[in-house]
Structures are given as C-alpha cells and as structure tokens.
Amino acid sequence: MTKLRCVVEHITYQNPENGWSVMKVKVKGYDNLVTLTGSLLDVPVGSVLLVEGEWKVNRQYGNQFEAKSWEEVMPATIYGIEKYLGSGLVKGIGPVFAKAIVNRFGLETLDVIENDIERLKEVPNLGNKRVEKIRESWEKQKEIKNVMVFLQGYGVSTAYAAKIYRQYGKESVSRVKENPYRLADDIWGIGFKTADSIAAKMGYEKNDLRRCRSGILYTLNRLADDGDVYAEDEQLVTAAGELLEAEEQSIREALASMIENKDLIQDGEAIYLPPFYYAEQGSARRLKELTMQEVSDSLFDMAAEPETEYGSGRAEIIYDEIQQQAIDKALDSGIMVLTGGPGTGKTTTTKGIIEAFRNRGKRILLAAPTGRAAKRMSEATGMEAKTIHRLLEYNPMEGYKINNENPLEGDVLIVDECSMIDIILFYNLLKAVPNKMRLILVGDIDQLPSVGAGNVLRDIIDSGRIPVIRLTRIFRQAQTSRIVMNAHAINAGYFPNISNGRETDFFFIKADDAEAIPELIVSLVRDRLSKAYNIPSQEIQVLTPMQRGVVGAANLNQLLQQRLNPTGASLSRAGYIYRQGDKVMQIRNNYDKNVFNGDIGFITSVDTFEKTLVVVFDGRLVEYEQSELDELTLAYAITIHKSQGSEFPIVVMPVTMKHFVMLQRNLIYTGITRAKKICVLVGTAKALGYAVRNQTVSQRNTRLKERLK
C-alpha cells in the first residue's frame, strides 16, 4: 500500500448511489494532476485527503491511484489552505476571498481565523458583514469538529458528518457508537452500505444481529422502491443473504425477532414493513365500505335530457354511449373507475361528470398526485385541483390533518392520474373520504405503475369488485394525431407508423450509432425543434428509459447543461454543478419545503456568498442550502418513470438496444403519451420493435386485488 497526501482539484465523475468517484488531485512532487478513483462520496473540491491505496494502469485512461481508505485532514500548505477555504465549507469565503486571505496571512491563516478573526478586516474589501458571516460559519464548523474527527476515522465524509450532526447534535458520537446502522434508518442519503462500512471499521461482525436487522430493513425498502408491497419469506432471506454475506441462521434469527417485536408483520408467506401492511389492508377495507355504502340520494333518477343535463347546455356536447354510461355510473355509484388511453375522451367525460354533479348542486373536489398533474386538471376543467398532499393538508410535524377523524368536506372527489398513486398515499386518501362522499378514480391503466410500492389502479380494476368504465373509441379529432394513433398501435402490439412527413406530430430519426445519439439530441433540443416550433429549448423534454449509459439521463443532462446553460453563478455538490437557469428535479419528498419526488423547476438565483440557491416550482420559490443539493438533479433529461403525470409540448426520446433491459411496451407507450404537440424518437427500428413486442410487465408483490376479492 502507498500513501498520498493530496488536494482535490476537480471531480470528474461521482455515482451518488455507491460513492464511486473519479477525481483529479494535486500531489506534491507531481507536475500534472493525478487521477484518483475509489469510494469517495461527498468529498468536496478543496478537501485535503490522506489516501492509502495503490497505483493501477487503466488501458483507456492511463495511470490512476485507486483509494482503499482515506481520511480528510486539515491543510498544511498555502495551496491547500486556499483550496480548503474556497471549497464552500465556510460561508462567506469563496475562491476569490480565499486567495486574498491566504495572500495576507499565509500558513497562519487557519490560526488567525480560529484565534483572532478580527484580523481578517486587514484583507482588502473584506467588510464587517462578511467577517461576521465567516465567524458564524467557522463556529458552526467547530461545533461539529469532534464529530467529524470521530467519523472521519471511519471513512465518513465532511458532508455526511454535517448531516449526522444536524440529526443528533451533541449526541452524534454516542449514537453512532451505540449502533451505526441507525444512520441508514434516520438520515436520508446515508444508506445501509455507508452505515455498514462504518460498522465494519468499528469491529461489527458479519453475523451481528443489529447488522442483520438493518440489512433486512434495507432489503425490504429496496424491494419497495422496485414496487413490491411485501416480500415472500424465501425471497427476503435470499436477497438479504446476498447483501449481507451472513449465515442464513443469523438472518432468520434477526427476522424472527423483528416479527416478534412487531418491527415487521408476517401474513402467511408475506413479510411486510408495517406501514405497507396497514396501508394495503386498510385500503381494501375502505374500498369495500365505499362500494357497499348506499348512495345518499338518487342522483341518477334525477337525470334530465342528456345534451343539456350532461353537456351543460352551453356547449351542447354529445356523448357517445360509453361516455354516457360513465356519467350515469358516476351518479349511481359510491365509487367508480374511469380509464382509457389518449384521445378516448377521458377529459371530456370527466367534465361531463363534473357538470352533472354541479347541476345537482353538489360540491366537487378535484385532486391529482403531483403538482403538474393537478395543474393540468385545473386547466382542463376550469376548477381548482389540488395535489393529494395539499388536499389532505399534510405537514411533516403533524402528518395528514385531513383524515378519518377530520374528513374531507364535499359530495364528490375526482382524482386524476391514479396510475401514479402508491399504496401508502392511496390509503391516506381513502381514510379522508367520508362515507356518503362519491369517489371517482381516473387514470390510464396501460401506463407505467406508480414509482412507489403497489399497483393500485390495476389491482382495483383486476379485482372485478369496483365499477369500471373503459373508454376505447378514439375520437375523430384525435385520429389526426399520429402521437395518439401510434400510442394506441403500440399498446395493441403493432409497430407504429414512422414514415415522418411535414404535417405529422410524430417523427422517427434513424440513428444506428448509440454513441452519436447524445449530440443529435442536443442539436434537436437546442436548435432544430426550438426554431421549427418556436418553443424555448428548456421547455423541450428529453425522456429516456434509463439513468445510466451514454444515452441515459445522467450523461444527457451533463451534455445538455454544457450546451444550453454553460455559464453563470453556480454551486457544486457531489461532482454536479447547479447553475442559475438550470432545469432541475426534486428526487425525494421534502415535506418541510413542500416539494415532492418528481417536481420540476428552474434555478432562478444562486448566492455564492450564502451558499444557497432558489428554485421556482410552478410559481413557488424554494431555497436550498449547498448541503441539501443532493435532493436535486438536473432535469433537461429525465427517465420515463419520472415523467408520469406530466405533459410536455415536445418530447425527444432515445430508443436503442443499449436500453434493451428496459424496453417494454408500457414504457414506450408512457413516454410517447407525455408529448402534447410533438414527439421525436431517436434510435433504431429494431429497438422500437423489440419494445413493442415485449409486453413483459414486471410483477409486483401486492395483495390488494386478493384482499378486495
């Protein structure tokens, strides 16, 4: 093993999931920057590292130093001190002032800040306000110094140490010593693998029951992220065993203890995290209650002439037989489902249902899972639609204020984009629906299921216990849209029409070389489509099946940012740059900020002095500190899964065999139906054909259908 002391100059690549990083570092005695690789998550530019590892030769990239272990140390050289102060760790000091301060005090700089900070006023242009900001920030850093020293001994980065301190305060060291695995439970961004790495250095054995417990919880949460509400017993033990490399007996002992202590719930062979069990069981119970309840008044019997009663009289909308049936069923049922693809009249039928209830003097509530979906619903109906969280008045301190004890007030609740709703959110919604309130669920069953656990809409429809109206007729005006016709063709298993043409709204650009597709997409977004349709480039959305790879969202975002928004004030975090004007997406629910996983916004301002930035989400300003930027990702390109419930004027979507593991019919169908005006596919007919033929829908472990039956 070789030891290197280095200063981080530039972060070339960083995987936020496992921490694998490639960075350029300055090492004394080397003329050129050295390439450093290893698990170095959240090490910021400017950090001084003492790294132990070995030199490796990479065929493509040449000499690299592979880190086996590392720790952050205080800088001991003028160069290191300057980089450290300018890295963003100390508010009030950016690269310019860091250079000026070090020029004035040299190697005494850190001692001056620690013991005689007033001397900073000797530096030109460093006024009282900035010195006070530096003092506050430095004191805050001192408070967590002991925590950092302790944690860095176990390979924890500065950024994680700050998060741990925010969570536990002065008890941080004792809490981590007591059980490092609690970090994975309590702190977003610190997963099981990070906690396990700390625990291993603290001497925890592989079969330690605390380790097995944490590994089981991690496995169940990972399965939930893939859509499973529960895990089969053997499935859980096998998956946890692969993760932990522990003995099966130890895993089963931990599992039995967790079930006995009600940390997990076993129902036959199914093992649930408690929230998922109660959500699934409770959803089935409430749906049955809503189905069996007697409707309080016979609204259907009050029906008048269809054209005037259902069509509002003003527009004289004529509904076809199925649409008419949907309106009648809504009037006659405690709960119903309305489903159908694009162009089949879901919105028109929903408006007819609203009008029918309105004519009878009923109070109607509208909701959708996301802000974008709620906004679209409002625009389509002319009524206020709220997100489900806002409708239920959620806040992180009190939970859902609207619930079974304080239910919704109104006569009818219509919820759109129900394919997106996961089982936890659905249960909280059902708890807030009082008996005698009619519930109408609207959604496209052929789209991708929810990002969260469950398959709520499909389970409800497949149970056969809830009235369902499926719209299938494509209306004449929609038949002129090739987006609509191709979406239905794909859904039916037919290869779409890719003949292009001047009047079409659907284009297919053949590109056999996947490596060339990113530049082609940049050209389409920045120049060709923007100019042809007079739409700003930032309103054109790139959708892609995967996060990784040359045509994955991560790589496309880096490239699109460089070409669309290359300059301006910025902050960096974990190897990513967040620049004023960037299009970004929130990637976790943050109830304090009232922003949710999948919300898209734009960075409107960046304060490099305060180390904060502001994002506007649908007209609402939200501030982020630099340490919170791991909650945001660039959104010039997003995965198709993340696009659910959204609609964009122009969609550009790569379809290549590079994504073959993700190429499924419902994925392509969902991506195409996100396009409002223009859809452009870039790739090969072979990949598109493969996706159309692949009707494989990964089965999710859910029991809502069976519980309803």
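Since the model is a prediction, treat every value here as computed from it, not as a measurement. By convention here, the first residue in the shown sequence is residue 1.
More than 12 heavy atoms of other residues, nucleotides or ligands lie within 6.0 Å of OH in Tyr204, so this atom counts as buried by the packing criterion. In Glu205, the CD atom is not crowded: 12 or fewer heavy atoms of neighbouring residues, nucleotides or ligands sit closer than 6.0 Å. No more than 12 heavy atoms of other residues, nucleotides or ligands shown are found within 6.0 angstrom of CD on Glu405. Residue Glu706 places its CD atom among more than 12 non-hydrogen atoms of other residues, nucleotides or ligands, all under 6.0 Å distant.
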Query raised in the report: Between Leu543 and Thr639, does a side-chain contact (heavy atoms from CB on, under 4.5 Å) hold up when you go through it step by step?
Result: CA-CA 5 Å; Leu543 302 181; Thr639 63; over 6 Å; no
Query - Audit row: Gln586, Val615, side-chain contact (heavy atoms from CB on, under 4.5 Å) steps and yes/no - result: CA-CA 10 Å; Gln586 177 79 11; Val615 181; over 6 Å; no
Report task. Go through Val229 and Asn701 one step at a time and tell me if the side-chain contact (heavy atoms from CB on, under 4.5 Å) criterion holds. Result -> CA-CA 6 Å; Val229 177; Asn701 285 344; 5.8 Å; no
Query raised in the report: Should His641 and Leu667 be marked as a side-chain contact (heavy atoms from CB on, under 4.5 Å) after you check the CA-CA gap, both sets of side-chain angles, and the distance that decides it?
Result: CA-CA 8 Å; His641 278 89; Leu667 187 89; 3.6 Å; yes
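Formation of a donor-acceptor pair under 3.5 Å by the Arg211 side chain with backbone atoms of Asn207 is not found in this model. A donor-acceptor pair under 3.5 Å is absent between the side-chain atoms of Asn666 and the main chain of Asp446, judged by distance alone. The main-chain N or O of Gln235 is never found under 3.5 Å from a side-chain atom of Thr238 such that the two would form a donor-acceptor pair.
Look at Glu280 and Arg703 and you find no salt bridge, because none of the NZ, NE, NH1 or NH2 atoms lies under 4.0 Å from a carboxylate O. With respect to Lys593 and Glu631, no salt bridge is recorded, no charged nitrogen being found less than 4.0 Å from a carboxylate O. Taking the charged nitrogens against the carboxylate oxygens, Asp267 and Arg707 do have a contact shorter than 4.0 Å, which makes a salt bridge. Ion pairing of Glu52 with Lys68 is absent here, as no side-chain N (NZ or NE/NH1/NH2) approaches a carboxylate O to less than 4.0 Å. With respect to the salt-bridge test (charged N to carboxylate O, under 4.0 angstrom), the residues Arg252 and Asp233 qualify.
From Thr702, atom OG1 reaches atom OH of Tyr230 across 6.5 Å, with rounding to the nearest 0.5 Å. Taking CD1 of Ile335 as the reference point, atom CG of Leu430 lies at 7.0 Å (rounded to 0.5 Å).
The shortest non-hydrogen separation linking Gln266 to Ile271 is CG-CG1, 4.2 Å. The two residues Ala195 and Tyr181 have their closest heavy-atom pair at CB-CA, 4.1 Å. Across every non-hydrogen atom of Phe192 and Ser214, the tightest pair is CD1-OG, 3.4 Å. Nearest approach of Thr673 to Thr670, heavy atoms of both residues: OG1-O, 3.0 Å. Annotation for Cys6 and Leu36: closest pair SG-CD2, 4.4 Å, computed over non-hydrogen atoms.
Residues Asn404 and Arg286 fail the side-chain proximity criterion, which asks for heavy atoms closer than 4.5 Å. Under the 4.5 Å side-chain criterion, counting only non-hydrogen atoms from C-beta, Asp462 is not in contact with Leu708.
Tyr218 and Asp196 share no side-chain donor-acceptor pair at under 3.5 Å.
The aromatic rings of Tyr277 and Tyr272 sit perpendicular to each other, their planes meeting at more than 60°, with 30° as the lower class boundary.
Exactly one of Asn590, Val595, Leu632 qualifies for a side chain to side chain contact (heavy atoms under 4.5 Å, CB included) with Val622. That residue is Val595.
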